[in-house]
Chemist: 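A single structure is presented below for examination.
Protein chains get the first letters and strands the later ones, always in sequence-line order, with residue 1 at the start of each. Computed from a predicted structure; not experimentally measured.
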Protein chains: 2
Amino acid sequence: MDTRQKLLQVALNLFSRYGYDAVGVQTIVEEAGVTKPTLYHYFGSKQGLFETLVKEKSQSLLEAIQLASAYHGDITKSIKDVVNEYFKYAQAQPTFYRMILSLWFAPPSSEYSGVVQELLLEQTRLLEAMFEAAVQNHGNMRGRHQQYAVSLKGMIDTYIGLSFQGHIQLNDNVLNHKIVHQFMHGIFS
Amino acid sequence: MDTRQKLLQVALNLFSRYGYDAVGVQTIVEEAGVTKPTLYHYFGSKQGLFETLVKEKSQSLLEAIQLASAYHGDITKSIKDVVNEYFKYAQAQPTFYRMILSLWFAPPSSEYSGVVQELLLEQTRLLEAMFEAAVQNHGNMRGRHQQYAVSLKGMIDTYIGLSFQGHIQLNDNVLNHKIVHQFMHGIFS
DNA sequence: GATTTAATATACCGATTGGTATATGATTTT
DNA sequence: AAAATCATATACCAATCGGTATATTAAATC
């Protein structure tokens with residue numbers, strides 16, 4: 001692995017395990033087997049390292065959600081696909097997803113909040129677009145895209161969080177079906 | 001206000017606004033108008049200050065949930081009361097609740113994680129007891145107390161989080177009713 | 001009134017923080 | 001082959017970190 005990738009990987013592990021603020025630049029470069037100027041050469045700052053990390057790691061998630069959230073006349077199927085992709089990603093990248101979850105409600109003033117909020121916003125946009133497209137067949141959903149998007153996302157993250165704490169397993173088709181069913185029921189009742 | 005209370009109040013505001021790690025002891029004592037030995041006299045350490053803060057601030061929430069979660073033959077009503085109390089508390093103590101939310105998924109190694117997890121555990125215990133008591137009238141719930149408890153908590157926190165970000169308003173009886181309805185539907189379907 | 005205890009301040013500790021000025025090989029471009 | 005750029009290291013910076021040894025004042029206890 002080249003130095004740049006090594007730094008990103010080490011940073012992810014450390015940030016995830018101890019938190020962004022608790023990990024010093026010195027620790028990162030030591031574990032990566034390089035020195036500080038190397039890190040600053042690639043990323044400019046600790047914050048720049050974090051931003052690069054989040055953007056590169058989240059790319060595949062955003063692409064997957066974009067595909068899954070396409071609306072083809074069956075909103076229930078789209079939601080199911082979306083939930084599936086989230087669960088798949090959370091299982092494939094648990095360290096990263098855990099880190100993002102832990103920063104969900106981070107204080108807006110913190111230097112890492114901006115990137116995380118941006119990532120969240122992009123996800124919300126994709127989900128909103130899905131609900132917006134479904135309005136043609138479900139008139140009662142009109143004007144509530146954002147609310148649906150954020151509450152679906154909240155529901156998904158809740159279950160992913162529960163899986164991280166060992167309460168449930170995401171590898172469960174029945175669970176997926178129940179979640180979607182529960183969510184749809186919340187919409188149409 | 002006496003010095004001790006002042007320190008706790010200042011610490012809460014700073015922790016909530018900038019995050020635990022990002023706030024130095026020096027900043028806290030300056031804003032409180034005292035010096036470091038005073039803080040260490042009362043709380044022993046930065047961590048001790050945080051623990052005291054969490055325990056004192058969460059006491060009223062735990063008491064309210066304990067009362068609301070009592071089971072008197074109508075599980076739907078109990079859940080509704082619980083949700084109500086959570087929403088009331090989150091509105092009364094938004095700064096504190098936001099701080100706790102931001103530490104929900106904090107790395108277990110961090111020095112503040114222990115207290116937060118303990119608080120979460122106490123809440124889960126109360127909710128579990130509620131579902132456990134309801135088993136006599138709802139046999140299909142047997143053996144799932146913990147899962148119900150954590151998912152109800154997750155749902156509540158999701159909505160509280162959404163309100164903090166301006167997406168919804170907790171001051172809405174209809175919302176409360178819908179949440180409980182949605183949750184019950186998830187249980188019995 | 002004397003003694004103890006609680007509450008506060010001054011001044012300091014070593015360690016660590018994020019970040020950089022400067023230099024040196026290594027690689028690429030011209 | 002020369003010049004320029006990239007990638008890395010040594011050695012350092014001021015500032016801040018959490019925490020404390022010591023002293024002093026104020027309040028409570030005897």
Chemist: Measure the distance from NZ on Lys36(B) to P on dA9(C) and round it to the nearest whole Å.
Modeler: 13 Å
Chemist: Quick check: on DNA chain C, is the nucleotide nearest Gly44(A) upstream (toward 5') of the one nearest Gln26(A), or the reverse? Name the residue that is more 5'.
Modeler: Gln26(A)
Chemist: If I take atom CG in residue Asp21(B) and atom C1' in nucleotide dG18(C), what distance separates them, rounded to the nearest angstrom?
Modeler: 15 Å
Chemist: Once salt bridge (charged side-chain N to carboxylate O under 4.0 Å, His left out) is applied, what residue pairs with a partner in residues 50-61 of chain B remain, sequence neighbours excluded?
Modeler: Arg4(B)-Glu56(B)
Chemist: For Asp157(A), is there an ion pair with Lys153(A) - N to carboxylate O distance below 4.0 angstrom?
Modeler: yes
Chemist: With a 4.0 Å limit, can you tell me whether Thr3(B) has a side-chain N or O closer than that to the phosphate oxygens OP1/OP2 of dA7(C)?
Modeler: no
Chemist: In whole angstroms, how far is the P atom of dT8(C) from the CZ atom of Arg4(B)?
Modeler: 12 Å
Chemist: For the residue pair Asp21(B) / Tyr20(A), report whether a side-chain donor-acceptor contact shorter than 3.5 Å exists.
Modeler: no
Chemist: Would Lys77(B) and Asp81(B) pass as an ion pair if we require N to O under 4.0 Å?
Modeler: yes
Chemist: Quick check: Phe105(A) with Phe164(B) (ring centres under 6.0 Å apart)?
Modeler: no
Chemist: Between Glu85(B) and Lys88(B), does any side-chain N to carboxylate O distance fall below 4.0 Å?
Modeler: yes
Chemist: So where does chain B start and stop touching DNA chain D, 5' to 3', when the test is distance under 4.0 Å to a non-hydrogen atom?
Modeler: dC17(D) to dA21(D)
Chemist: Is the backbone of Met130(B) close enough, under 3.5 Å, to the side chain of Ser69(B) for a donor and an acceptor to pair up by distance?
Modeler: no
Chemist: Take atom CZ of Phe50(A) and atom P of dG18(C), then tell me their distance rounded to the nearest Å.
Modeler: 14 Å
Chemist: Check whether any side-chain nitrogen or oxygen of Thr35(B) sits under 4.0 Å from OP1 or OP2 of dA9(C), and answer yes or no.
Modeler: yes
Chemist: Report yes if at least one side-chain N or O of His41(B) is closer than 4.0 Å to OP1 or OP2 of dT8(C); otherwise report no.
Modeler: no
Chemist: So does Lys46(A) reach the base of dG18(C) with its side chain, donor to acceptor, closer than 3.5 Å?
Modeler: no
Chemist: How would you label the contact of Val29(B) with the nucleic acid (heavy atoms, under 4.0 Å): base, sugar-phosphate, or nothing?
Modeler: nothing
Chemist: Write down the distance between CG (Asp2(A)) and P (dT27(C)), rounded to a whole number of angstrom.
Modeler: 14 Å
